[in-house]
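Report on the following structure.
Just so we're on the same page: letters track the sequence lines, and every chain starts at 1.
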Amino acid sequence: MAQDHDHPHDDDHHHDHEHGSELSEMQIRVRALESILTEKGYVEPAALDAIIEAYETKIGPHNGARVVAKAWTDPAFRQALLKDATKAIGTLGHVSRVGDHLVAVENTAERHNMVVCTLCSCYPWEMLGLPPVWYKAAPYRSRAVKDPRGVLADFGVTLPSDTEIRVWDSTAETRFLVLPMRPNGTEGWSEQQLAELVTRDSMIGTGFPKAPGSPS
Amino acid sequence: MAQDHDHPHDDDHHHDHEHGSELSEMQIRVRALESILTEKGYVEPAALDAIIEAYETKIGPHNGARVVAKAWTDPAFRQALLKDATKAIGTLGHVSRVGDHLVAVENTAERHNMVVCTLCSCYPWEMLGLPPVWYKAAPYRSRAVKDPRGVLADFGVTLPSDTEIRVWDSTAETRFLVLPMRPNGTEGWSEQQLAELVTRDSMIGTGFPKAPGSPS
Amino acid sequence: MNGVHDMGGMDGFGKVEAEPNEPMFHEQWEGRVLALVRAMGAAGAFNIDTSRFYREALPPHVYLSSSYYKKWLLGLEDLLVDKGFVDADEVKAGHALKETKAPRRGKFTADQVERIMVRGAFGRPAPAPAKFKAGDRVRARNIHPATHTRLPRYVRGHVGIVERDHGCHVFPDSASMEAGENPQWLYTVVFDSAELWGADADPTVKISIDAFEPYLEPI
Amino acid sequence: MNGVHDMGGMDGFGKVEAEPNEPMFHEQWEGRVLALVRAMGAAGAFNIDTSRFYREALPPHVYLSSSYYKKWLLGLEDLLVDKGFVDADEVKAGHALKETKAPRRGKFTADQVERIMVRGAFGRPAPAPAKFKAGDRVRARNIHPATHTRLPRYVRGHVGIVERDHGCHVFPDSASMEAGENPQWLYTVVFDSAELWGADADPTVKISIDAFEPYLEPI
């Protein structure tokens, strides 16, 4: 069908972000709105700069990775995390930003968890940073709840055919963090070493942690 | 909300048919496909001309109007039409083109019928001609089955609040023709006079026949 | 497929806007597209269900932002390329480059126009007795085929009453896949508005679809 | 509303395409839009549910063809105009022309940034006991509000099991209309894939949503 091969009207299939002219139009438009809101005294440009800087520097998947590595090495923390992730993470000095109602869900040999937001783009920002475009886009949002194995195939991920897949649709202000399985061959590793193996996608459920010794 | 007032980004809400440049691009593209199909011997331009001419001259709501007027004046025909519209219309010499499985549905004081095709644009071409753009467009297709009174309001049509509304979604190769109520004040009128009152929309169920003496 | 074409009950598309004295075609090319689709269909390059499926399978944002006949053109191009009647290079070049693949009924010529001005006949002899009769309560099955179907999402899982029996017809779910006509009984099934749209629905409204027998289960 | 944003289970959008080494923003203006939305929300011009509703209410073809942050910008413009914080003429002119309408919490300044880097708290004291508990079988109601809701279409009418109780939370259906927080119990409800997608569904898959109590009925 139309999606599957090089069709003559592919030029109609564009999205905005592929058009340079569109982008500069957007820049002008956003700048205009910022001017209005600044002139009217609702915001100040320095505050906007500070918000962007905070997103760029203070959040990101390194936060989630440290939580996962801790859970891999500390059974009591793992238990506490699965019981109440917000509370458990709040006890860690190095991750201060965590919202209410964060739920950690554990992958096992029997069950794989995968997180989606079919209605918009809900995502555990404090743990993973801003979501990637694919997480917010129609292919993932539409298919994750109906054909999760097909979605995983798009990521090159294959699960045993008898593994249960649990899809969590983030339809409220709860947020979900997948606790992936600890890779084999990491016995005795430190939390910091383990954290290096934890990928963003492994905490969404569309990937696995890196194997020890794989290219970083 | 966005649809209800003059919003600054109305320029984003355009559809293709509002763009002159798009249209000439379309003309080039259609001409190219016609050339290919002609050169490959699938079609001949004269046959395409003849198809278009047939649509432009041989079908149209005048066919449906004559059927309705006949049903208003001939009780036996009305009965036959409601029982099997294809067969009944086949007995009329002047309307030779009628497909199988045409179903006529009768408006009464108690029940109003309205026809839609939510999935595409199914419509009784032989009786009514090609459907108008609104019939094929998303607002009508999406709302007719859920909010038919709201749709009727868009046409300026109001029904008594206790009139039953029956919406026929044309999801197969059956086709539906609404037999509207005969206007008051037309006693003794000829079939031809009556046919002048029968509008296309009255046979879809989004309008009424014209009243006697109203501007034609 | 659960495509954006299946829009019964969706919100957000705005008001219905009728155009006074609307012309049959707004641009000359629209009539040409209509004629090309009818002619290629009549030549036997595809059946009506396949052509519908190709329009439904356009990318959703293209489906929603294209005019009606533009969707017809895009679907036709995709279909002719996929089925081997036209090559993508030919569409780019704007003229024939490859060999012709003969359509099932051969070239469409002007003398055949009268034939196609009457809608095709889709009734077929019954391969089996009807499972349902007027008055029966039935549930529309909760099916979600990735391919073409004529059971709209808004009725799936809901209970209605069989009102009419239309005999056996070509089954679009099969025909669209070029998997044969597979005739099936066809019924008008009527639903209360509250069954489809919940307790707040307008109680004076009833909605019917025409449903093929495989879409229905007894209750 | 049954908008095109409610796309769980729809077909036709193609494959998931991940971008290797994706930057946080693809264009400088994207970060600016994010910051404007966060700042205006923090100033009290709107709550998160209202801002979601304005994005959902974009015309469907605009929703599907716009990039993520473009949707944010378009929704923000619509919202600020509708709520009287900005005038449409100001958006056209690109600078302030009318009086300022004070947002609920006043100007958003740089010293408040740290506060908004933690997600807002939506848990609220319970106004009434919970109707359901873990293990209960419940049916997602068949509701079709024209306004904002967080009950996706693909579960409506279907039966699942209550798995977790999250306490009481702000109810988006009310908050989005600025009709108060109206806290409601929130549950994780899990569905078998066959219940949602029919007999052909992958039997190893289960899907959960987080459902507010008014979305559920006992069975």
- Task: Would you name the heavy atoms of D:Gly12 and C:Pro60 that are closest together and state the gap between them?
- Result: O-CD, 3.2 Å
- Item | Top contributor to chain D contacts, counting heavy-atom pairs under 4.5 Å, from C:Val4, C:Asn142, C:Leu196 | C:Asn142
- Under 6.0 Å from the CG atom of D:Asp165, do we count more than 12 heavy atoms belonging to anything else shown? yes
- Note on the structure: Closest non-hydrogen atoms of D:Arg153 and C:Tyr154, given as atom of the first, atom of the second and distance, are NH2-CB, 4.2 Å
- Query: Where the side chain of D:Asp11 meets the backbone of C:Ala146, is there a donor-acceptor pair that is under 3.5 Å apart?
  - Reply: no
- Name the region of C:Ala194, side chain, backbone, both or neither, that has any atom closer than 4.5 Å to a heavy atom of chain D. backbone
- State, to 0.1 Å, how close C:Gly9 and D:Asn2 come at their nearest heavy-atom pair, and which atoms those are. O-ND2, 3.0 Å
- Answer with side chain, backbone, both or neither: which region of C:Glu195 has an atom nearer than 4.5 Å to a non-hydrogen atom of chain D? backbone
- Query: Taking atom CD of D:Glu17 as the centre, does the number of heavy atoms from other residues, nucleotides or ligands within less than 6.0 Å exceed 12?
  - Reply: no
- Message: Tell me if the NZ atom of D:Lys83 is crowded by more than 12 foreign heavy atoms within 6.0 Å.
- Response: yes
- Message: Taking atom CG as the centre, does C:Asp200 end up with more than 12 heavy-atom neighbours from other residues, nucleotides or ligands that are less than 6.0 angstrom away?
- Response: no
